[in-house]
Each structure stands twice: as structure tokens, then as C-alpha cells.
2 protein chains.
Amino acid sequence: MRKNFPMSAKLRDVAEKAGVSVATASRVLSGSAEGVRPERRQAVVAAARELQYVPNAHAQALARSGTTHIGAILHDVSDPYFSEIVRGLQRAAVDAGQLVTVCNSYRDPERELAYVGLLRSQRIGALILTGSGLDDRSYSERLAAQINAFASTGGRPVFIGRHHIAGDAVLPDNVGGARALARALVTMGHRKFAAISGPPLLTTTRDRLDGFKAGLAEHGITLDPAAIAPGDFTREGGMAGMAHLLDAGPAGYGSIASDATCVFALNDAMALGALRTLRDRDIDVPGRISLAGFDDIPATLDTNPTLTTVRIPLAEMGALAVSLALEPPSDELRVRHIRSEVVLRESTAPPAALSR
Amino acid sequence: MRKNFPMSAKLRDVAEKAGVSVATASRVLSGSAEGVRPERRQAVVAAARELQYVPNAHAQALARSGTTHIGAILHDVSDPYFSEIVRGLQRAAVDAGQLVTVCNSYRDPERELAYVGLLRSQRIGALILTGSGLDDRSYSERLAAQINAFASTGGRPVFIGRHHIAGDAVLPDNVGGARALARALVTMGHRKFAAISGPPLLTTTRDRLDGFKAGLAEHGITLDPAAIAPGDFTREGGMAGMAHLLDAGPAGYGSIASDATCVFALNDAMALGALRTLRDRDIDVPGRISLAGFDDIPATLDTNPTLTTVRIPLAEMGALAVSLALEPPSDELRVRHIRSEVVLRESTAPPAALSR
DNA sequence: GAGTCTGCTGAAAGCGCTTGCGAAAGAACT
DNA sequence: AGTTCTTTCGCAAGCGCTTTCAGCAGACTC
């Protein structure tokens, strides 16, 4: 494709026009050499400008065997959680003169694996894998194989928010954050909880749920398994999850909502959905029921009531991942643990009837 | 950098292991040839798998002089407006087997120009420029030069939502949408309006403002220039803009809010911010004042009240841009006009005191 | 003024892959 | 068995750039 086009000027053209050899031209244009007489230097620069010369990055990559490209694989850029991360990634990457290729895996393991291959073939210098890891044997093994191969050829894999297979990692404190949230909620007066969970196989789901349970357990409270609605980390999932809690309720329990005074949605997107369902049914938040999310995506400030959540510094994590990727590799894997922080807002309040 | 690493397997290794020539290996691995005996074919495939062979995309790009990479330059991926577009872009690109490199320009013309160069040097096949164009002479000219050079070497530039310099374009109907919105608002009963504008140099700002004014004009209403607060298309800008309207008010007019019954924020992000300011001051929306935005980003559904806005199919526009970029080039520039649609939600209602 | 350095340059060898072209090896015909 | 087609392959020439290495001035020694 795109053949027989007046191919853009190449280094040779510049060299000819400047009356020097390609070697010299390369030296001045790629900056690597000071050892070129000023006059020629200028001649080359002038010729390059005149010809609108743009170096062929592929040729350069081939010749130098290395690129200035970073690959990032994540669930979906338009999901605020990831787009915040990407923002941090981008910023740090640009500062380091790197370009970023982002790929949406839509949480499809196969697609993710395919992207790893594609990105590897682009000879990216670093690969950043974001999003909860999947707790699946076959997948993990295949991914590990790819990652190892990548790393063994000098590539730098970095994981964000997921169990790291063979690379540095930036991990938010899901367990601790959820536990702290549970504590805060109990302190507020809540005793009966319900939750909207995430995809069962995601490690994030497990960590947050476990942390939350642990926090409750500290106060001798248990989370009834029947009060855990399935969810998928999307807004729609949150809507459905809340509806599930409200309608079906666990067999024999009647509606959960008439029982629980506080619902923990495992991420903000679902909390947003849950809030919508609640509003649609005219259920007062936090009057009748308190609601908390996790992540602290920007939208949590625009809801009414504003959403209580656990803040994790998404953009910073992205930036941190890039800097890890760009640091010279070390012998042992580096893991950066990121503190999470409970942010109490309007969507949670002491249970209305403090009777109990 | 990253030298002396056990470089990953190359085609030659695969060929040797399979006992064939690189030419043959290339043929089977790159699929371009059916003319290879099945047995050898399999031998090559097997060898490739065994060696974990990953083709070097740079070498391929160089040899074929062409890539399967699309570049996209936009304001900021984490801005919902753009992340929706990117989502559409990504989807369409993947379907076409293309990778996408996204670059955040942060609306900085210099950065944008620099990215065009960088992306060109990556020999991307298509370049998608998103976000409002800047109404600046020098910038336009330099960009046009770059774009023309790109196009003249077979590259396919496509513009989304901005005046196209020299490439196909996907344009939302900003003028028409804003006009329709104005009509709807007037029909609802409003007579006095205020607006929160965008960056003055952006064409989008002008189009939306002009459209809105035109809509009002149809009913003999004019928008007092003093009732137009400056804005910057961000949430914070919206907060400030609304505060400006509320506090400062135009000299001699007293507070705009005590006058206008409806505020049009030129995009949803600002509308969100405006809503926040309104809530902070306990000003009822739409009871005391109606509010409308533009774009219909997902977050408009999560506010309370939900936001009246003008819907433009962001994701579709992204996808459309990719398909334009991938179609064989035509002689004349193709321009796809995208219909926008007024979506009335809870944030607008007839003015409380229909006295007037 | 012969011998050494230093500083610039250019020739040329790749980087890993694709592909046009001719050769080899069968297949199909007299 | 000798010819003529087809297939199927491998050779080798790039793709555009970087970088080593050796060459050649001119600047320095003594």
C-alpha cells in the first residue's frame, strides 16, 4: 500500500543537498556527534529544513535496535479509572520523550494476550499492563510466558494494580482501603451492610471484598453472602446490582435494603449506577441508605449527594509506572505500594434510625 | 540502550530451525504467499512458535514501507469528550487491525505540531486530529504545511470536530445543535439567558455561541454580551464561570442570575462545574435557574438533576474518522456532517415565575 | 622537516524483513 | 525419453538509518 508516492525526503537527499555524506548528515541530525564542523552542521540543518525532512522512525529503530515507544494495555480508555491512569502515564511518558500506544483489552484475556504480542513486535521499550489481573491459570501462564520473553529481550514490563507476574508493579492498597472504609462506616454507626461485587475472577474484586469483610470483622460484623450482589465494575452493573439488592433480596430475608443501612459498591462506576437506581426509586441517600464506592474518580464530585469513596491516586500511579519502566532494570522486582485513603462525602451518614 | 541482550529470535533463526530460507519463512509467516508446500509451511509455523518468534514491526515497516498504525492527537484522553471519541476510534481501528498511538496536546499548539512531526516520523498511515481548531494564522499555516507534507507522502489526515485544513473531516453540527437548543429553551418559556463560553480562539466556541445566538434571534431575543462569562471547557472553568455570573454580574446590571432564568454552558464539563457552584450556593436547578450543556458526555446522567444537553455521537465520530482514514483516498476532501440532537433532561424547566 | 596527534569525514557493514526474479524440481505432454 | 509448463524456493537487493573503522588533513612536537 501507499506505494508510488513521492516518498518523503530521506537522509540521503538531505546529505546530497548539503554536500556531505549520509554519515555526517546522520550525525548532525541525530545529535549524537559534536564532531562536525559548524559550517557543515548548518548546511545539513538547512537542507533538512528545506526538504521538510522527517526521519523514518522505523529505520532508526531498526538501526539502533530500540524505540522511544511505550505500550499500555488496559480495559478501556473511556472508563474514568483507566483514563486517569493514562493521563498520568502520558504526562510522565512525554517528559521522558516517549510516545504511548494504548490498547483497550475490554478485559478480554485473549485480546490482551494478542496485544502483548503486537506491542512486542513494535519493539516497544516498556509495556504497562493495567487493570485487575485475572485469576485464571492458563491465562496467567501464557501471559507470564509472553512477559518473560519480553523482559528477556530487554523489555520492561510494569504492572499497575494487578498481581505482577514478572515485572515491577505499582499496587494500590485495595485491601487496606476497603478495610479502612469498613471501619469508618461502622464507626459511623452502621451495622448491617450489603455490597455490589465485581467480576469474581478479578483480583481487585477479591482484595476489596476481603478487605471490607476484614474491616467489618474487627467489629464482629459479618457480611451476609446473600447480601453481596454480583456486579461487573460498570455503571450498568451497579444499577443492576442495586436493583438486585432491592428487589430479589436473599431468599427468606425480604429486601436487603429494608435490612442493610449501607451499601458498598466495589468501585465508583458501580456506585454511580447504584445511586441512579436509588434515585429512580426515590430512596433517599444517605437518609434511608448510605452508599460508598472505591477509586475516587472525578465524577464522584458531581453526583448529588457526592460520593463517599476510597481515593487512590490514579494519575500518579500511571506516572510512577512509567518512571519504573524507565529506570534501569534492577535485579529484584520493584513493587510500589500506593496508599489509599477513605474520603467521606455526602452519600454516607449515620443510619437514620439509630435504633439497633 | 538495551544492547547485549539475547536479542529475540529473528526470522533467520526460524528459517534455520525449520530448514528453509528466510524468504520462505517470511512468506508463510506474513501470509502473503500460498505457494509454500504444506509440510514446510507447518515446519516454519512450528519453529516460530517454538522460538516464540515475534516479527520486528520496524523491519517490516521498513521493508514494506507502510505501517498498521494510526496516530491520534487530542486535547486530553481523560476528558470524557475525548475519551469517548478515542473509544470509537479504538474500536474501529482494532477491527481494521490497526494500532493507535494517542497523544495529548493539552491544547498547546506547539505540542500538537511537535506530535504531528513525531507521528509522521513513525510513518503512521493515518493521523487523526481531534478537538477544536485554533483560529490562529501562524499556527494554521504551520499545521497545514505539516499536514500537506504528510498527505503528499501517502498519509491520510482526518479531522474530527474542527475546521479541516487539508484532509477529510468529521464535523458535529455545533451551530445547528446550539440553535436547536436555544429554540427549545425559548419554547420552554425562557427569555433571559446567560452563557458560559469557551476559549475564545477555538472554533467550537464560536460555532456554539453563534448557533445559540442565532436560535435566540429567531425569537427576537439577544444574548447580552455582558451575560457571557468566560470559560475554558473544563469543570473548573464552569465553576468559575457560574460564580462570575452570580457574583460580579455585568457592571450596572446587578447579578445576572437574578435576571437570567437559564444558563447555557458551552460544554458539559463546564455545565457540571456550574451545577456544582449552583449547589454550593443552594440555588435550585431548575427551580430558580435552568442549566444546559453540550456534548452529552456520560456523566450528564449521573448528576442530580440530570443535565439537559445536546447530544453528539462521540464514539461514532471516532469510528467514522477511522473508516474515512482507511478508505482509499479520493480526489476531493470528504466531509461527514454529524447531526446533533437536543436532549432535554431535568436541569431545564419552564422559568419559575412565568411572570414576565 | 620528519614524525605524531587530533579532529573530521566518508565508505561500508549492518539492523530484520519483504519481494522480484530466476533456478530447480516436478508434473504433464508428445 | 525428451519437452514444456507449473509450482515452489532461494538469492540477493533493497527499505532508511546508525555506527565502526580507517583515511586524510592540518596542527603539533622535537
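Chain letters run A, B, ... following the sequence lines, proteins first and then strands; every chain starts at 1. As the structure is a prediction and not an experimental result, all values here were calculated from the model.
The residue among A/Val22 and A/Arg37 whose nearest nucleotide of DNA chain C lies closer to the 5′ end is A/Arg37. Nearest-nucleotide positions on DNA chain C for A/Glu39 and B/Ala25 put A/Glu39 closer to the 5' end.
Scanning atom types as modelled, one donor and one acceptor separated by under 3.5 angstrom connect the side chain of B/Arg27 and the base of D/dG10.
Applying the 4.0 Å criterion to OP1 and OP2 of D/dT18, one finds that A/Ser30 has a side-chain N or O inside that range. Taking 4.0 angstrom as the limit, A/Arg40 places a side-chain polar atom (N or O) nearer than this to OP1 or OP2 of C/dT9. An OP1 or OP2 oxygen of D/dT18 is reached within less than 4.0 angstrom by a side-chain nitrogen or oxygen of A/Ser26.
In this structure, B/Asp13 atom CG and C/dC15 atom P are separated by 12 Å, rounded to whole Å. The nearest whole Å value for the distance from the CZ atom in A/Arg120 to the C1' atom in C/dG16 is 15 Å.
A 4.5 Å side-chain heavy-atom check between B/Gln122 and A/Leu99 finds at least one atom pair inside the cut-off. Between B/Arg111 and A/Val94 the shortest side-chain heavy-atom distance falls below 4.5 Å.
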Detail all sub-3.5 Å separations between protein N/O atoms and N/O atoms belonging to nucleotides 23-25 of chain D.
none

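Proximity of residues 51-58 of chain B to DNA chain C (heavy atom under 4.0 angstrom from any strand atom) is restricted to B/Tyr53, B/Pro55, B/Asn56.
Salt-bridge check for B/Glu110 with B/Arg142: passed, with a basic side-chain N closer than 4.0 Å to an acidic carboxylate O.
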